[in-house]
Amino acid sequence: MIEKKLRSLEDLFGDPIKNKSTVKESGSIIELELDCLISFSDHPFKLYTGERLENMVESIKENGVLQPIIVRPVGSGKYEILAGHNRVNASQLAGLSKIRAEIRDVDDHEAVIIVIATNLEQRSPSDMLPSELAKALKMQLEAAKATGKKQIINALDSPSNPHGDRDSQEGNPVGHRGKSIEKVADKNRMSKTNIQRYIRLNELIPDLLERVDDETIALRPAVHLSYLSRNEQQIIEDTISIKGYKIDMAKSEKLKDLSKRGKLTDEKIYSVLSGEDEKKPKKPTSIKLKPKLVTKFFKSEQNQAEIEKVIEEALTIYFQMKEEKEDE
DNA sequence: TCTCCCTGGAGGTATTTCTC
DNA sequence: GAGAAATACCTCCAGGGAGA
């Protein structure tokens, strides 16, 4: 078992002695100075913080970085990190100066696939912040659309091998424009609708998106707000940050509808958020009578139904008299 | 304290509309 | 016409409040 694992690691990382040389062909593994590394230009995931980061730093201090990061050369001796942003960050904190890295010579779309797929390998969508998932899914979809080739989806299956066998399966002609969103949905085990909902979050202003992350705005209301202009969203953000109003499904739907009809003024936003425009009559509340009051007018042997009947008759007479007095 | 009911939100499917 | 995006509507679940 152990032997098999070691062999597998060797297959993956190659001969460690060889790796000491600076072979830089795609797929080779070398040791890189941390100073040579730059973050992926549009990295959608937030870096670990707190206890999770501390644990990683401790682990690296004790055992080193077990799995090489994945990078691609970007010229001037620099390498862009495709997978392993947290490992690089933790290595810096652990005081290391070098890290083992697998070099990949990939284009922008393939780079996106590796960035997203390696993160999704380690973390399920449910572990990610909505903002991270929104960006990740959007990038996946754009990459899939941009290439329009099935190999992108195959690469999702095998993130460690974007140059793998791409054209031999399924028999689809290369370049066939498939239903990108369906494929992204399949790969993430999510429905098409939910993929679309999360992607809509990218239309939110940062402040509102942050509220989705900290769960003060739920996903569905947030999706409704994403259809509003950035100016309207900003007014909403300002209003709820000052007044502390909550946005639920009903309010968000109303705001979206008003915006669509071009009738979403500052005053309307305020009245919707505050609930002032709520025309729905309030549910009648039940009241309790104090025992002192009950004993004043009713005998102890009278049950609730009898008492209610007397109260109803009395109130009917009372309101009739009141009405007659007002008519005079 | 327990049960029931209501509400809000999530996840989904089916359908319609829009865009290329 | 096909794919993408939007919409409508359904079920399920969790949480909170009211009543017994």
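Order of the sequence lines fixes the chain letters, A, B, ..., with proteins taken first and strands second; residue numbering starts at 1 for each chain.
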Taking DNA chain B as the partner, which of residues 198-207 of chain A come within under 4.0 angstrom of it by heavy atom? none

Return the value, rounded to whole Å, for the distance between atom CG of A/D248 and atom C1' of C/dG15. 15 Å

Please tell me if the side chains of A/R87 and A/Q67 come closer than 4.5 Å, counting only heavy atoms from C-beta onward. yes

A/R220 atom CZ is separated from C/dT7 atom P, nearest whole Å, by 13 Å

Dump every N/O contact between nucleotides 13-20 of chain B and the protein below 3.5 Å, one line per pair.
residue	atom	partner	partner atom	Å
B/dT13	O4	A/T193	OG1	3.3

Measure the distance from CD on A/Q196 to C1' on C/dA5 and round it to the nearest whole Å. 5 Å

Tell me every residue that passes side-chain hydrogen bond (donor to acceptor under 3.5 Å, both in side chains) with A/E203, counting only those two or more places apart in sequence or in another chain. none

Side-chain heavy-atom pair A/L82, A/V71 within 4.5 angstrom cut-off: no

Would you say that A/L219 contacts A/L201 through its side chain, given a criterion of any heavy-atom pair below 4.5 Å between the two side chains? yes

Presence of A/K256 side-chain N/O under 4.0 Å of C/dT7 phosphate oxygens OP1/OP2: yes

With salt bridge (Lys or Arg N to Asp or Glu O under 4.0 Å) as the rule and sequence neighbours excluded, what pairs involving residues 56-67 of chain A come up? A/E58-A/K61

Are A/R211 and A/E237 packed together at the side-chain level, in the sense that at least one heavy-atom pair is separated by less than 4.5 angstrom? yes

Should A/I217 and A/L204 count as side-chain neighbours, where that means a heavy-atom distance under 4.5 Å? no

Provide, to the nearest angstrom, the distance between the CD1 atom belonging to A/I195 and the P atom belonging to C/dG3. 18 Å

Listed by chain and number, what are the ring-ring contact (aromatic ring centres under 6.0 Å, His included) partners of A/H85, not counting sequence neighbours? A/H43

A/I205 vs A/Q234 side-chain heavy atoms within contact, under 4.5 Å: yes

Side chains of A/D248 and A/P221, heavy atoms from C-beta outward: is any pair under 4.5 Å? no

Give the rounded distance in Å between these two atoms: CE of A/M249 and C1' of B/dA10. 9 Å

Please tell me if the side chains of A/L209 and A/N202 come closer than 4.5 Å, counting only heavy atoms from C-beta onward. no

Give the angle between the helix axes at the two ends of the helix from B/dT1-C/dA20 to B/dC20-C/dG1, taking five base pairs at each end and rounding to 10°. 10°

